[in-house]
2 protein chains.
Amino acid sequence: MKDKNTAYKIAILKALKEIRGPAGAARIRERLLASGLKLQPRTVRFYLLQMDREGLTQPVSRRAGRQVTEQGDGELQHTNIIEKVGFVASRIDSLLYRMSYDLRTTTGTIVTNLALIPKSFLMRAVEDMNPVFARRLGMGTRLAIAREGETFGATTVPAEMVALGTVCNVTASGILLKHGIPVTSRFGGLMEIEEGKPVRLTALIEYSGTTLDPLEVFIRARMTRVRDCARTGNGVIGVSFREVPAAAAPEVRRIKKEMERQGLDGILAIGHPNQPLFDIPVEEGRAGLIVSGGLNPVAALCEAHAGVRFHSLHEVEDVARFSDFHVLRDGLRG
Amino acid sequence: MKDKNTAYKIAILKALKEIRGPAGAARIRERLLASGLKLQPRTVRFYLLQMDREGLTQPVSRRAGRQVTEQGDGELQHTNIIEKVGFVASRIDSLLYRMSYDLRTTTGTIVTNLALIPKSFLMRAVEDMNPVFARRLGMGTRLAIAREGETFGATTVPAEMVALGTVCNVTASGILLKHGIPVTSRFGGLMEIEEGKPVRLTALIEYSGTTLDPLEVFIRARMTRVRDCARTGNGVIGVSFREVPAAAAPEVRRIKKEMERQGLDGILAIGHPNQPLFDIPVEEGRAGLIVSGGLNPVAALCEAHAGVRFHSLHEVEDVARFSDFHVLRDGLRG
DNA sequence: ATGCGATACGGCAATCATGCCGTAATGGTT
DNA sequence: AACCATTACGGCATGATTGCCGTATCGCAT
């Protein structure tokens with residue numbers, strides 16, 4: 001390993017490893033796309049061939065493609081250290097690959113956001129979030145509650161506080177990925193809603209160019225109007241803009257329906273192949289996708305009250321920790 | 001004009017036009033770099049040659065390089081319409097090229113930020129900003145005040161309000177540009193300050209990937225601690241991360257001194273060629289540059305009081321509208 | 001006016017990226 | 001068991017980009 005195209009090789013090696021198990025150039029290519037690297041399948045094969053010769057990868061079978069050799073694994077260990085971390089895009093990637101939820105078995109782990117509120121405030125908070133869930137402005141209709149002393153993700157709930165876990169919208173990408181649809185996360189943004197319908201994007205921040213989650217920033221900057229939106233149908237909510245391969249659009253529509261049946265609604269809009277979606281142009285051969293922010297219920301809390309602590313892209317957590325919001329609410333009131 | 005390299009040609013044509021007057025591939029290349037396009041000088045010449053043949057550009061003299069022909073100009077008019085605006089990077093670019101301030105004559109226009117406050121609040125605001133200017137945490141030590149009914153940039157000051165104009169840090173890039181040093185604006189960020197010295201960047205948002213000015217967002221999200229920093233020397237201020245050609249670093253140092261003499265300090269740190277600056281790696285052959293946020297004085301106001309309206313990258317404005325802050329302050333108190 | 005240093009240019013060739021296409025496995029169907 | 005559809009592979013060729021290098025101008029100092 002010496003010159004500049006090494007960067008590509010490393011990226012391909014990494015992608016291949018993340019897929020776990022053998023894969024061909026096409027799949028690797030999609031995976032790379034998701035982290036912002038645009039290479040043609042032929043180009044991927046070109047480098048794979050070189051790496052075969054260097055002993056970093058090896059063919060498994062003509063049909064299945066290649067896998068990473070032990071040596072390639074070692075090379076990765078060695079190189080990864082240099083990686084400039086910190087940007088949200090890589091955090092999304094990492095969480096995406098760690099979640100395991102499967103729509104068919106309805107079990108596994110999902111990606112979560114976390115909010116911390118004083119425990120005395122729990123009932124109020126639930127009432128505040130109720131219209132948001134009722135209007136389906138968040139990612140799904142589920143919520144997890146962790147009491148003081150319990151742990152949720154990487155956090156132990158402090159005394160006198162309650163943790164609210166919401167489903168992060170990265171979960172939507174993860175579910176699609178489990179169905180073989182690679183999703184590229186592009187922007188976090190604010191979507192203006194009129195009469196319950198999304199009308200336009202009013203702000204955008206690219207995931208690959210920020211170290212702060214855009215949604216989190218929008219909420220802190222008080223730029224959302226989720227409460228209004230939940231009450232009147234007009235407001236501004238946080239969303240995420242993504243892309244899927246154009247050919248996968250029909251399947252995305254199918255999966256969207258199934259997700260909704262499982263209380264995991266969140267896909268707000270699906271664009272047409274190569275067509276801009278809400279004025280955002282997409283890459284060649286892809287279609288846009290708008291997903292609601294998993295933090296929207298928390299945004300509603302922040303709009304109404306000061307001192308709500310939260311952060312998004314928190315951790316992966318077993319889906320069993322989550323209950324249907326309305327059931328939970330009835331339970332708390334009962 | 002037909003295929004895909006058209007995009008390059010257009011970009012080169014545009015760069016050449018923005019330089020106004022004839023230029024060679026090297027200068028064009030730097031200009032392109034500033035808008036995120038990385039082409040080697042040879043490549044630029046390659047396309048220039050094609051455009052010569054198409055009649056879009058023409059050589060002026062062997063020494064001076066080429067210029068845009070009338071036909072090329074027409075082509076630009078025609079094509080520019082498609083440009084997808086909205087991202088901060090292009091707004092920065094546009095303001096950069098519209099400002100005209102010249103360090104030697106100390107006249108011309110500079111890029112401004114604008115804040116609106118109730119006029120009854122003016123004296124308080126001036127006192128709040130005083131320590132910020134005293135510690136040189138902003139961009140320069142100048143301020144403009146516009147009373148109700150007056151106009152400042154594109155804004156007419158509403159009744160009962162006062163407008164405060166601060167020098168936007170894009171001005172620093174503009175000044176360097178006038179000296180032939182092309183500056184690439186990369187990130188807006190938050191810089192932690194300890195004992196008056198910058199220690200680390202705690203957040204970054206790339207200009208090319210956001211439709212909101214990062215600094216503006218940080219202030220609204222209450223993530224700055226400019227007041228603390230002004231009073232104790234420890235805090236968090238807004239900054240901008242840029243890059244200049246490595247070879248220009250010494251001249252930047254010289255210009256920095258001259259800027260300070262003219263009450264336009266703002267350059268916080270200059271990196272070494274090809275070396276990361278505060279852990280941010282730079283492009284090959286470039287050096288990093290940290291410039292303080294022109295909005296920092298305004299941030300101090302926002303930290304102390306609610307209801308300050310402001311926005312950055314406002315407009316270009318004649319430098320004569322600005323006075324030295326301390327003189328202004330004495331005048332108001334006297 | 002003569003020479004020096006800087007800058008610009010474009011021919012030529014090497015390198016990189018990728019389109020085209022024929023071939024090889026593999027799983028599933030009939 | 002024969003066949004089909006799918007997926008992967010790599011040789012070959014083309015187009016895009018860029019490095020190398022010799023040459024042409026121009027401004028300025030001597």
Side-chain angles (χ1 to χ4, degrees), chain A residues 1-12 15-16 19 21-33 36-54 56-68 180-182 245 247-248 251 283-285, chain B residues 1-12 15-16 19 21-33 36-54 56-68 180-182 245 247-248 251 283-285:
Chain A
M1 311 273 269
K2 60 251 131 146
D3 52 330
K4 78 167 201 183
N5 42 16
T6 299
Y8 284 169
K9 291 194 197 171
I10 294 291
I12 292 171
L16 185 52
I19 292 172
R27 210 173 354 244
I28 293 178
R29 188 266 182 126
E30 292 293 357
R31 181 68 201 81
L32 285 174
L33 220 44
L37 201 53
K38 279 169 241 162
L39 294 180
Q40 301 311 310
R42 182 64 189 86
T43 311
V44 173
R45 283 201 295 277
F46 175 74
Y47 286 111
L48 279 172
L49 189 57
Q50 289 185 27
M51 289 197 286
D52 280 353
R53 288 176 187 145
E54 292 170 30
L56 304 181
T57 55
Q58 70 191 164
V60 174
S61 81
R62 189 79 195 214
R63 179 68 184 273
R66 291 175 171 86
Q67 68 185 179
V68 181
I181 303 172
E251 199 183 345
E283 293 289 326
E284 179 64 25
Chain B
M1 310 273 271
K2 61 256 132 151
D3 49 335
K4 79 164 203 185
N5 43 15
T6 299
Y8 285 168
K9 291 194 197 171
I10 294 291
I12 291 171
L16 185 52
I19 292 173
R27 208 166 5 235
I28 293 178
R29 188 266 181 124
E30 293 293 357
R31 180 68 200 81
L32 285 173
L33 220 44
L37 199 54
K38 279 169 239 161
L39 295 180
Q40 300 311 310
R42 183 66 188 85
T43 312
V44 174
R45 283 201 295 275
F46 175 76
Y47 286 111
L48 279 172
L49 189 57
Q50 289 186 27
M51 288 198 286
D52 279 353
R53 288 175 188 146
E54 292 170 31
L56 304 181
T57 55
Q58 68 190 167
V60 174
S61 81
R62 188 79 193 217
R63 178 67 186 275
R66 290 173 172 87
Q67 67 185 177
V68 181
I181 302 172
E251 199 183 345
E283 292 290 327
E284 180 65 25

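Convention: sequence-line order gives letters A, B, ...; per-chain numbering from 1.
One can place CZ of B:R66 at 17 Å from P of C:dT7, the figure rounded to the nearest angstrom. One atom, CD of B:Q50, and another, P of D:dT18, lie 14 Å apart when rounded to the nearest Å. Taking atom CZ of residue B:F46 and atom P of nucleotide C:dC16, one finds them 18 Å apart after rounding to whole Å. The NZ atom of B:K38 sits 14 Å away from the P atom of D:dG19 (whole-angstrom rounding). Rounded to an integer number of Å, the gap from B:I12 CD1 to D:dT18 C1' is 13 Å. Atom OH in B:Y8 sits about 13 Å away from atom C1' in D:dG15, given to the nearest Å. Across the protein-nucleic acid pair, A:Q58 atom CD and D:dA8 atom P stand 18 Å apart, rounded to whole Å. As a whole-Å value, the separation of B:R53 CZ from C:dG10 C1' is 9 Å.
Mapped onto DNA chain C by nearest heavy atom, A:R45 and A:V60 fall at different nucleotides, with A:R45 at the one closer to the 5' end. Looking at which nucleotide of DNA chain D each of A:L48 and B:P41 is closest to, the 5′-most match is held by A:L48. Both A:S61 and A:T43 sit near DNA chain C, but only A:T43 has its closest nucleotide nearer the 5' end.
Within the 4.5 Å cutoff, no side-chain heavy atoms of A:L32 are placed close to those of A:R27. For the pair B:S61/B:P22, no side-chain contact is recorded, criterion being any heavy-atom separation below 4.5 Å from C-beta on. Using a 4.5 Å cut-off on side-chain heavy atoms (C-beta onward), A:E54 and A:K9 make contact. By the 4.5 Å heavy-atom criterion applied to side chains, B:I12 and B:L48 are counted as neighbours.
The side chain of A:R63 has D:dT6 as its nearest neighbour among D:dT6, C:dG10, C:dT18. For A:R62, whose side chain is taken as the heavy atoms from C-beta onward, the closest listed nucleotide among D:dG10, D:dA8, C:dT18 is D:dA8.
Interface residues of residues 24-32 of chain B facing DNA chain C, ordered by number: B:G24, B:A25, B:A26; criterion, heavy-atom separation under 4.0 Å.
Phosphate contact (OP1/OP2 of C:dC16, side-chain N/O of A:R42, threshold under 4.0 Å): absent.
With hydrogens and angles ignored, the 3.5 Å screen pairs no side-chain donor or acceptor of B:T57 with any backbone N or O of B:Q67. The main-chain N or O of A:V44 is never found under 3.5 Å from a side-chain atom of A:R29 such that the two would form a donor-acceptor pair.
Closest of all the heavy-atom pairs between B:R31 and B:A15 is CG-CB, 3.7 Å.
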